[in-house]
Structure formats: C-alpha cells, structure tokens
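Chain A is the first sequence line, chain B the second, and so forth, proteins listed ahead of strands; every chain is numbered from 1.
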2 protein chains.
Amino acid sequence: MELSEPVIARRTGRPLSFDRDAALVVAMRLFWQHGYEATSVADLTRAMGITPPSLYTAFGDKRQLFREAVDRYLGGAATIVAGIAAAARASDAARDLLTAAALGDTGDDTPPGCLLASAIVSSSASAADVREELAAIRRGIEAALRARIERDVAQGVLPADSDAEALAGLVFAVVQGMSTLAKDGAGRDKLMRIVDGAMRSWPAAG
Amino acid sequence: MELSEPVIARRTGRPLSFDRDAALVVAMRLFWQHGYEATSVADLTRAMGITPPSLYTAFGDKRQLFREAVDRYLGGAATIVAGIAAAARASDAARDLLTAAALGDTGDDTPPGCLLASAIVSSSASAADVREELAAIRRGIEAALRARIERDVAQGVLPADSDAEALAGLVFAVVQGMSTLAKDGAGRDKLMRIVDGAMRSWPAAG
DNA sequence: AGCGATATATAGCGATCGCTATGGAACTGT
DNA sequence: ACAGTTCCATAGCGATCGCTATATATCGCT
C-alpha cells in the first residue's frame with residue numbers, strides 16, 4: 001500500500017528545477033480542497049509552479065500524482081493500520097482515530113474536511129478505479145479496527161455479544177461524516193464533542 | 001425551500017413530447033449515482049431520451065434540473081423538517097432519520113448511498129454555489145433535529161446537561177458517513193446495526 | 001388557412017479537459 | 001568540445017464540457 005518513487009535510473013541529465021516534495025504537498029492541498037476531479041492539471045501546474053510536461057515526467061499522470069498525494073496525506077496507510085493494531089485497547093484505537101479525524105478536518109491552515117473521505121464521491125467512468133482505490137484504503141482501515149475490536153472481545157475486554165463489525169462501521173461512519181460537517185462549517189470544538197458522543201456508544205469496558 | 005414549476009404561462013404551442021416527471025426521475029437517479037459534476041448534460045439527455053434544447057426549455061439548465069432532482073429525492077426538505085418537529089421524542093426523530101438513511105442508502109433498485117450526502121463534495125468554482133445550497137439543506141435538517149433535542153431537554157425528557165448540538169451533529173455525521181459506507185459496499189443489515197449502535201450513545205430518557 | 005406560440009432536431013459554439021509532440025536548455029561523462 | 005541524457009517551455013492535440021443559434025414541426029386560436 002506504500003508508494004515510493006524509484007531511486008534507480010537517473011543517469012545524469014538536467015536536474016529538476018523544482019522541489020518535488022514541496023510540489024507534491026501543494027498538489028495534496030489542492031486535491032484536499034477541491035477533490036480529485038475538480039482539480040484540473042492546469043490548476044495543479046499553476047499552483048505547483050511548473051509546466052504540464054514537468055508534472056508528467058515527475059509524477060506520471062494526474063492519477064499517480066493523486067495517489068502520491070493521498071499517501072502523503074495519510075502518512076502511509078500502513079502506519080495507521082499498525083497504530084490501530086498497537087493500541088492498548090480497541091476503544092483507544094477508536095478514540096484516536098476519531099480524534100485524529102476531528103483535528104485533521106479542522107486544521108487552521110489546511111482545507112476543511114478529510115481528503116480521503118471527500119476527494120472522490122462522484123464517479124465518472126474515468127475516475128471509477130481511483131474511487132475504488134480510496135474505498136479499498138478505507139475498508140482496510142475499518143477492517144483493522146474491526147480486528148482490534150474482535151481481539152478485545154476474545155480477551156474479555158469487551159462483552160462477548162459486542163457487534164465488532166457494527167462498532168467499527170459506526171466509528172468509520174462518524175469519521176466520514178465529520179468530514180462533511182467540517183466542510184459545511186462545523187468547527188473543531190463541535191467535532192470533538194461529537195467524538196465524545198460517539199464514544200459513549202462504546203460498550204462498557206470490562 | 002420548496003421547488004415547484006410555475007403553472008402560469010403556457011400559451012398554447014406544441015406540447016411536450018415526453019413525460020416531464022418521468023424524465024426528472026431519470027435525471028435524479030443519474031445524479032444519485034454519479035454526482036452532480038460527473039453527470040454530463042449528454043449523459044442526462046441520453047438517459048432521459050430527449051435532446052439538449054428540450055432539457056433546457058423544460059428545466060432551465062443543469063443546475064436547476066439538479067435542484068429539482070434533489071427536491072424530488074428528499075420529497076421536499078420541508079417535509080423532513082416537519083417530521084422531525086412532529087416526532088414524539090427527539091430520540092424517535094433521530095432514529096427515524098438514521099433508519100430512513102440506512103434504508104435509502106441500500107435500496108434494491110436505487111444507487112447506493114445518499115444523493116444529498118454525495119452529490120457534491122468536490123467544488124469546482126462553478127459548482128461552489130450548488131454545493132452551498134446542499135450544505136444549507138443539510139444544516140437546516142440538522143438544526144431542526146437540534147431544536148427537537150433542545151425541546152426534550154427543556155421538558156426534562158433528556159438530561160439537562162445534554163449537548164444538543166453534539167447529539168444532532170453525531171446523528172448527522174452518521175447519516176453522512178453511512179452513505180460512504182454504502183457506496184463502499186456495506187449492506188442494509190450492516191447499516192441498520194450501525195444505527196442501533198449510534199442510538200446507544202443517546203442519553204437515557206427520563 | 002393562416003398566425004402566434006411553443007417544442008423539437010441538427011449542428012456547433014467557445015471553453016476546458018487530460019495529455020503530449022517538438023525543440024531547445026542544462027546537466028555529466030569522455 | 002562533444003555525446004548522451006534529462007528537463008523545460010511553447011504550443012496544441014482530440015475529446016468533452018455546458019449550452020445555444022437556427023430552422024422546422026406541432027399545437028390552439030381566429
């Protein structure tokens with residue numbers, strides 16, 4: 001699930017005239033703010049300060065640039081999954097996930113909402129596979145949370161009749177939904193209180 | 001908030017060669033499935049079985065057609081707001097809202113997810129105002145739920161320290177989030193169990 | 001039949017989409 | 001200096017976007 005540009009090749013030649021990583025961050029912010037389809041290559045090149053051929057040689061095409069931007073945004077989806085598995089309890093993993101989402105959705109100098117949640121909703125035929133990639137990342141994180149919950153159930157930390165799938169699904173629904181709320185204008189304080197409310201639905205720990 | 005075509009005008013002339021309402025339903029389903037921006041006028045005219053000039057004379061332009069489709073989808077936003085206000089208790093209104101969303105997101109012969117939640121997330125400059133209209137509808141429904149909760153608090157049905165804004169926000173976040181889950185493949189059964197989980201966070205009734 | 005009014009079909013407007021062919025500029029090696 | 005390699009800038013590709021000008025067809029009315 002990790003993306004990394006190949007370190008091979010590069011046989012002399014004219015050097016890059018721009019900071020590749022800085023340009024990637026600029027692209028990430030544009031995708032974050034406007035979504036995948038509404039961000040045009042012209043928008044990207046203008047904001048990144050480069051011309052289309054430079055973008056295409058450096059990042060492949062718009063789709064691959066978006067993939068790198070998503071990975072940059074998440075800090076590596078694998079990191080998140082590992083963090084869930086490493087939490088002391090499933091409820092901690094859930095609260096961490098919700099809190100990180102609430103904070104990330106309402107950063108002072110970042111666009112409101114969640115890139116992963118809102119980058120692609122509409123699906124023109126050309127973007128359907130990109131959407132499916134994002135869905136796979138979402139399902140992967142949700143599955144990790146569900147597995148962490150089931151571990152707590154097996155160890156008696158959570159009641160035996162806990163619905164792990166529904167619990168994980170609820171957490172994820174709130175994560176996704178908070179992104180929309182943030183885009184609609186909700187502030188950090190409100191989202192944090194929503195997180196508190198969501199965690200109230202958590203079964204009593206043993 | 002209600003849209004209705006004017007019944008005035010109509011001074012003879014050639015009659016419509018298609019069923020306006022049936023065509024509207026077709027458009028609604030397209031918008032529902034692909035979102036606002038990803039549904040092109042060419043897609044619409046092809047599916048509706050009409051030509052572009054017919055669409056523009058009958059519905060104005062793409063934006064107005066979308067507005068009518070949204071209204072058709074919601075069955076009138078005012079109806080929903082009235083239903084919330086009329087519920088016996090705020091918790092009933094919340095559960096009804098969540099259940100309706102879960103069912104609507106997973107209809108057998110309708111696209112997965114919620115038109116209101118997912119039609120516009122990305123916001124190109126041209127669609128920003130349409131997005132804002134949808135956000136206003138969402139905020140209106142959320143505000144109605146919040147008002148209903150505050151009424152229960154004032155009447156002692158809910159604890160005095162209940163956070164009405166957060167409760168309404170949580171319900172709405174789950175509604176929005178379930179749409180994404182449905183689009184990602186979640187079924188009706190799972191969503192209904194998520195609804196049950198969400199309602200567990202509700203304060204104990206008096 | 002003729003007129004005013006409205007809807008329809010054909011065709012295509014200017015703008016933008018993602019993307020790239022071409023040629024020159026900037027580097028490392030020999 | 002020169003070859004080899006890679007990047008940059010200009011310009012523009014074909015396709016699609018939302019939308020409409022033009023001309024024709026179909027209605028009620030006189």
Side-chain angles (χ1 to χ4, degrees), chain A residues 5-24 27 30-31 34-69 119-120 122-130, chain B residues 5-24 27 30-31 34-69 119-120 122-130:
Chain A
E5 61 270 26
V7 197
I8 46 170
R10 188 68 209 158
R11 290 204 177 278
T12 80
R14 180 173 173 174
L16 275 181
S17 67
F18 60 95
D19 184 333
R20 190 183 187 279
D21 189 69
L24 176 60
L30 270 189
F31 283 131
H34 301 292
Y36 173 71
E37 304 204 54
T39 304
S40 71
V41 173
D43 294 334
L44 290 165
T45 54
R46 194 182 315 118
M48 299 162 89
I50 62 177
T51 55
S54 297
L55 186 150
Y56 281 85
T57 56
F59 298 100
D61 61 2
K62 184 184 173 185
R63 193 176 308 185
Q64 292 180 39
L65 172 59
F66 177 71
R67 282 197 207 114
E68 281 202 50
I120 304 190
S122 64
S123 56
S124 66
S126 66
D129 51 347
V130 185
Chain B
E5 62 270 25
V7 196
I8 46 171
R10 189 65 207 163
R11 290 202 175 281
T12 80
R14 179 171 174 174
L16 275 180
S17 67
F18 60 95
D19 184 333
R20 190 182 188 278
D21 189 68
L24 176 60
L30 270 188
F31 283 131
H34 301 292
Y36 174 71
E37 304 204 52
T39 304
S40 71
V41 173
D43 293 334
L44 289 165
T45 54
R46 194 182 314 119
M48 298 162 88
I50 61 177
T51 56
S54 295
L55 186 151
Y56 281 85
T57 55
F59 296 101
D61 60 1
K62 185 185 173 184
R63 193 176 309 183
Q64 293 179 37
L65 172 59
F66 178 70
R67 282 197 207 115
E68 281 203 51
I120 304 191
S122 64
S123 56
S124 67
S126 67
D129 51 347
V130 184

J.: Are any of the side-chain heavy atoms of Met48(B) and Leu55(B) separated by less than 4.5 Å?
T.: yes
J.: So which heavy atom on Leu30(B) is nearest to which on Thr39(B), and how close?
T.: O-OG1, 3.4 Å
J.: In whole angstrom, give the distance that lies between atom CZ of Phe18(B) and atom P of dA7(C).
T.: 9 Å
J.: Atom NZ of Lys62(B) and atom P of dG18(D): how far apart are they, to the nearest Å?
T.: 4 Å
J.: If you compare every side-chain N and O of Ser17(A) against the phosphate oxygens of dC8(D) (OP1, OP2), does one of them come in below 4.0 Å?
T.: yes
J.: For the residue pair Phe31(A) and Leu44(A), what are the closest heavy atoms and their distance?
T.: CZ-CD1, 3.8 Å
J.: For Phe59(B) and dG18(D), what is the distance between atoms CZ and C1' respectively, to the nearest whole Å?
T.: 17 Å
J.: Leu44(B) has an atom CG; how far is it from atom P of dC19(D), in whole Å?
T.: 11 Å
J.: Could you state the atom-to-atom distance from CE of Met48(B) to P of dT8(C) in whole Å?
T.: 11 Å
J.: Cation-pi between Lys62(B) and Tyr36(B): NZ/CZ under 6.0 Å from ring centre and within 45° of the ring axis?
T.: yes
J.: Between Phe66(A) (CZ) and dG18(C) (C1'), how many Å, whole number?
T.: 16 Å
J.: Please state whether the phosphate of dC17(C), meaning OP1 or OP2, lies under 4.0 angstrom from any side-chain nitrogen or oxygen of Ser40(A).
T.: yes
J.: For the side chain of Val41(B), counting heavy atoms from C-beta on, which of dC8(D), dA7(C), dG18(D) is nearest?
T.: dG18(D)
J.: Any sub-3.5 Å donor-acceptor pair from Arg63(B)'s side-chain atoms to Val130(B)'s backbone N or O?
T.: no
J.: Restricting to non-hydrogen atoms, name the atom on Ala69(B) and the atom on Leu24(B) that form the minimum distance, rounded to 0.1 Å.
T.: N-CD1, 3.8 Å
J.: Could you tell me whether the phosphate oxygens of dT8(C), OP1 or OP2, come under 4.0 Å of any side-chain nitrogen or oxygen in Ser54(B)?
T.: yes
J.: Once you round it to whole Å, what is the distance between C1' of dA9(C) and CG of Leu16(B)?
T.: 15 Å
J.: Name the nucleic acid region contacted by Thr39(A), choosing base, sugar-phosphate or nothing; use a 4.0 angstrom heavy-atom cut-off, strictly under.
T.: sugar-phosphate
J.: Could you go over nucleotides 21-30 of chain D and give all protein N or O partners under 3.5 Å, atom names and distances?
T.:
residue: dA25(D); atom: N3; partner: Arg14(B); partner atom: NH1; Å: 3.1

J.: To the nearest Å, how far apart are Asp43(A) CG and dA15(C) C1'?
T.: 14 Å
J.: Would you tell me if any nitrogen or oxygen in the side chain of Tyr56(A) comes within less than 4.0 Å of OP1 or OP2 on dT20(C)?
T.: no
J.: Looking at every heavy atom in both Arg20(A) and Leu16(A), which two are closest together, and how far apart are they?
T.: CB-CD1, 4.3 Å
